[in-house]
Amino acid sequence: MSTARLLTGWDALEPPRMAPDLDVRELEKRSRLMRVVTRRIAISELGNREIAQRAGIPPQRLSDLLAGKIEHFSVDELQALRDCVEDES
């Protein structure tokens with residue numbers, strides 16, 4: 001007999017469980033930091049390539065930030081970017 005589990009309609013309605021490393025408070029903190037950094041970049045007179053170079057990250061990584069790809073950045077990385085952009089303002 002197989003041990004495979006048959007999925008029923010009720011299984012499809014069950015909300016997916018979050019991974020243990022995705023803490024809601026951390027996501028909120030990352031979200032706030034991302035908004036601050038993108039706002040600072042928007043009002044900066046520097047170009048995106050210049051900001052990326054000064055922050056020590058590849059331009060594609062800065063593009064990921066501006067595209068809202070929050071899962072690509074840790075809180076520490078976002079804080080470092082915030083500090084870098086604030087120094088340049």
Side-chain angles (χ1 to χ4, degrees):
M1 178 169 217
S2 173
T3 59
R5 183 171 173 231
L6 177 65
L7 293 177
T8 65
W10 293 109
D11 292 330
L13 295 175
E14 188 175 312
R17 294 190 179 112
M18 291 183 66
D21 60 338
L22 293 178
D23 183 26
V24 173
R25 288 175 295 232
E26 182 184 339
L27 288 174
E28 288 174 346
K29 189 171 186 176
R30 283 198 271 175
S31 177
R32 280 194 308 273
L33 282 167
M34 185 173 271
R35 284 194 304 270
V36 168
V37 171
T38 55
R39 204 173 311 131
R40 293 277 185 175
I41 290 171
I43 63 174
S44 173
E45 295 179 7
L46 300 172
N48 289 352
R49 288 188 184 271
E50 180 70 21
I51 291 170
Q53 183 180 16
R54 290 179 182 204
I57 60 171
Q60 180 58 43
R61 191 115 163 95
L62 186 64
S63 294
D64 289 344
L65 173 80
L66 296 174
K69 296 183 179 177
I70 195 168
E71 68 276 4
H72 292 196
F73 296 89
S74 69
V75 171
D76 293 335
E77 290 173 318
L78 289 168
Q79 287 173 337
L81 278 167
R82 180 196 59 200
D83 294 343
C84 178
V85 175
E86 284 180 352
D87 290 343
E88 304 307 323
S89 299

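The shown structure was predicted, so the numbers you read here are calculated from the model rather than taken from an experiment.
Put simply, the side chain of E50 never gets that close to the backbone of G47: no donor and acceptor are under 3.5 Å apart. A side-chain donor-acceptor contact under 3.5 Å links R61 to the backbone of H72.
The closest side-chain heavy-atom distance from L46 to R54 is below 4.5 Å. With a 4.5 Å cut-off on side-chain heavy atoms, I57 and L65 do not count as touching. Side-chain contact between R82 and E86 is present, with heavy atoms from C-beta onward closer than 4.5 Å.
In plain terms, the two heavy atoms of P59 and A52 that are nearest each other are CA-CB, 3.9 Å.
Taking the side-chain contact (heavy atoms from CB on, under 4.5 Å) definition, one finds that I70 meets it with R30, S31, M34, sequence neighbours left out. With sequence neighbours excluded, the residues forming a salt bridge (Lys or Arg N to Asp or Glu O under 4.0 Å) with K69 are D64, listed by chain and number.
Around atom CD of E45, no more than 12 heavy atoms belonging to other residues, nucleotides or ligands sit under 6.0 Å away.
Cluster annotation: L81 and V36 are assigned to distinct hydrophobic clusters (Ile/Leu/Val/Met/Phe/Trp/Tyr, side-chain heavy-atom contacts under 4.5 Å, transitive).
From L62, atom CG reaches atom CD1 of I51 across 6.5 Å, with rounding to the nearest 0.5 Å. One distance of note links SG of C84 with CZ of R40; it measures 12.0 Å at 0.5 Å rounding. Remark: E28 CD to D23 CG distance equals 8.5 Å, nearest 0.5 Å. For the atom pair OG1 (T38) and CD1 (I43), the distance works out to 10.5 Å, reported to the nearest 0.5 Å.
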